Amino acid sequence: MIDLHFPNEFVRFFLKSFRFQVDEDDYPWTHNKSNNLEWLHKYLTRKSELTQCIATAMVGPRAWIGGIFSRTGPKHSGSNKYDSKLTSVEEERYQRLHERADVPFDETRVDHQKALAELWNLAYPEVTLKGLISEQWLEMGWQGVNPSLDFRTCGFISLENLLFFAKTFPNAFRRLVLKQRGKMATWEYPFAVAGVNVSFMLTQMLELYQVKPRCHTCINFVKILGEDEEAFDVLYCIAFVLMDAQWLAMHASYMEFNDVLQSTRKQLERELALEDIQRIRDLPAYNLLNS
């Protein structure tokens, strides 16, 4: 197991000090699905030299730099927003997803407590959990002994996403949570808190805090959601393994997590815009779940 500790003062210092932006022009993706993952590998290999320089400058105890997002999300030009008539099924499923995103994690609710304990059992079936507040949670990558505090960023839906990942794609889930690929002792990131950040990134990308979807990416996703009610949860799993692949390819440091997360978002937006995407499993990055 990996012992992760996240000193609060160190975390607050970097959260105040660093903002990373990704220039969309740096990612010249085409609409050819077969070339997407090949280009990703080439681009991130080229960028890793700069990443190594920054990582070398990182000294002192381990710290976690989470994704830094605001609820307003990135601005879109007027040409990227449009109204599109949704079917009753699409509207109903989007509204249901919208409501899920509004549910906070409540550590006093028995069902939320059971869900958290279930996550531990899925991740470490052979290790008995001593309590919902325990130093054991540090091994999964929470910031402290009480993981319920980390759900404040995104609420209960982020725990639902992690549970869905563990149950639906157990091999990919355990590969990430147990750090089974790459030199993770050097480039590790805290799994659980990263998972919460991925959930939050998706709620912003898909405008789940809006009354109705407006951007092109959101409309395309809702069309897919109309055909598959689990589309959001599957997209979460895709986003997590894509983020992990980028992190390892970049040899990324803690300071670059937001950079990695932003580029993950941009790649998902491009894949959702592909003309031949009818199902969430048609996304090119879906293949990473079975690799």
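Scope of the values below: all heavy atoms of this structure, side chains included, with no hydrogens, waters or symmetry mates. Quick caveat, the model's predicted, so the values are computed rather than measured.
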(request) Can you see which heavy atom on Val193 is nearest to which on Trp142, and at what distance? (result) CG2-CA, 3.7 Å
(request) For residues Leu97 and Glu229, determine if any side-chain heavy atom of one lies less than 4.5 Å from a side-chain heavy atom of the other. (result) no
(message) Are Leu122 and Leu178 connected into the same hydrophobic cluster when the rule is that any two of I, L, V, M, F, W, Y join if their side-chain heavy atoms are below 4.5 Å apart?
(response) yes
(request) Would you sort out whether Gln95 and Glu91 count as a side chain to side chain donor-acceptor pair (under 3.5 Å), showing the intermediate values? (result) CA-CA 6 Å; Gln95 181 59 33; Glu91 289 182 347; over 6 Å; no
(request) Quick one: pull up CG in Asp259 and OG in Ser253 and give me the separation to the nearest 0.5 Å. (result) 9.5 Å
(message) With heavy-atom distances below 4.5 Å as the criterion, would you say the side chains of Ser148 and Leu132 are in contact?
(response) no
(request) Answer whether the closest heavy-atom distance between the side chains of Val222 and Leu86 falls below 4.5 Å. (result) yes
(request) Enter the distance from Glu230:CD to Ile224:CD1 here, rounded to the nearest 0.5 Å. (result) 14.5 Å
(message) Quick check for you: to the nearest 0.5 Å, what is the distance between Glu139 atom CD and Trp120 atom CH2?
(response) 5.0 Å
(message) Taking the side chain as everything from C-beta on, heavy atoms only, tell me whether Phe151 gets closer than 4.5 Å to Val196.
(response) yes
(message) Can you confirm whether Gln113 sits close enough to Glu107 that some side-chain heavy atom of one is under 4.5 Å from a side-chain heavy atom of the other?
(response) no
(request) Please check if the distance between the ring centroids of Phe164 and Phe173 is under 6.0 Å. (result) no
(request) Compare all side-chain heavy atoms of Val241 with those of Arg175 and state whether any distance is below 4.5 angstrom. (result) yes
(message) Is there a continuous path of hydrophobic side-chain contacts, each under 4.5 Å between heavy atoms, that joins Val89 to Ile280?
(response) no
(message) Do Met201 and Leu268 have side chains that approach each other closer than 4.5 Å (heavy atoms only, starting at C-beta)?
(response) yes
(message) Whether Glu92 and Arg96 form a salt bridge (side-chain N of Lys/Arg under 4.0 Å from carboxylate O of Asp/Glu) is what I want to check.
(response) yes
(message) Measuring from atom CD of Gln246 to atom CZ of Phe257, what distance do you get when rounded to the nearest 0.5 angstrom?
(response) 10.5 Å
(message) Do Leu129 and Ile133 sit in one hydrophobic cluster, given that two such residues count as connected whenever their side-chain heavy atoms are within less than 4.5 Å of each other, even indirectly?
(response) no
(request) Mind running side chain to side chain donor-acceptor pair (under 3.5 Å) on Asp244 and Tyr189 for me, showing each step along the way? (result) CA-CA 9 Å; Asp244 180 77; Tyr189 58 84; 2.6 Å; yes
(request) Evaluate the salt bridge (Lys or Arg N to Asp or Glu O under 4.0 Å) criterion for residues Arg265 and Glu269: first the C-alpha distance (whole Å), next the side-chain angles of each, then the deciding distance (0.1 Å), finally the verdict. (result) CA-CA 6 Å; Arg265 169 175 173 162; Glu269 290 174 333; 3.2 Å; yes
(message) Under the side-chain contact (heavy atoms from CB on, under 4.5 Å) test against Met243, which residue among Leu248, Thr264, Ile238 passes?
(response) Thr264
(message) Between Arg93 and Glu227, does any NZ, NE, NH1 or NH2 come within less than 4.0 Å of an OD or OE carboxylate oxygen?
(response) no
(request) For residues Glu275 and Asn220, determine if any side-chain heavy atom of one lies less than 4.5 Å from a side-chain heavy atom of the other. (result) no
(request) Output, in order, the C-alpha distance, side-chain angles, deciding distance and verdict of salt bridge (Lys or Arg N to Asp or Glu O under 4.0 Å) for Lys167 and Glu118. (result) CA-CA 10 Å; Lys167 294 176 182 178; Glu118 183 181 13; 2.9 Å; yes
(request) Please answer whether the main-chain N or O of Ile157 pairs with a side-chain N or O of Arg100 as donor and acceptor at a distance below 3.5 Å. (result) no
(message) Assess whether a salt bridge exists between Arg279 and Asp282, defined as any Lys/Arg side-chain N lying under 4.0 Å from an Asp/Glu carboxylate O.
(response) yes
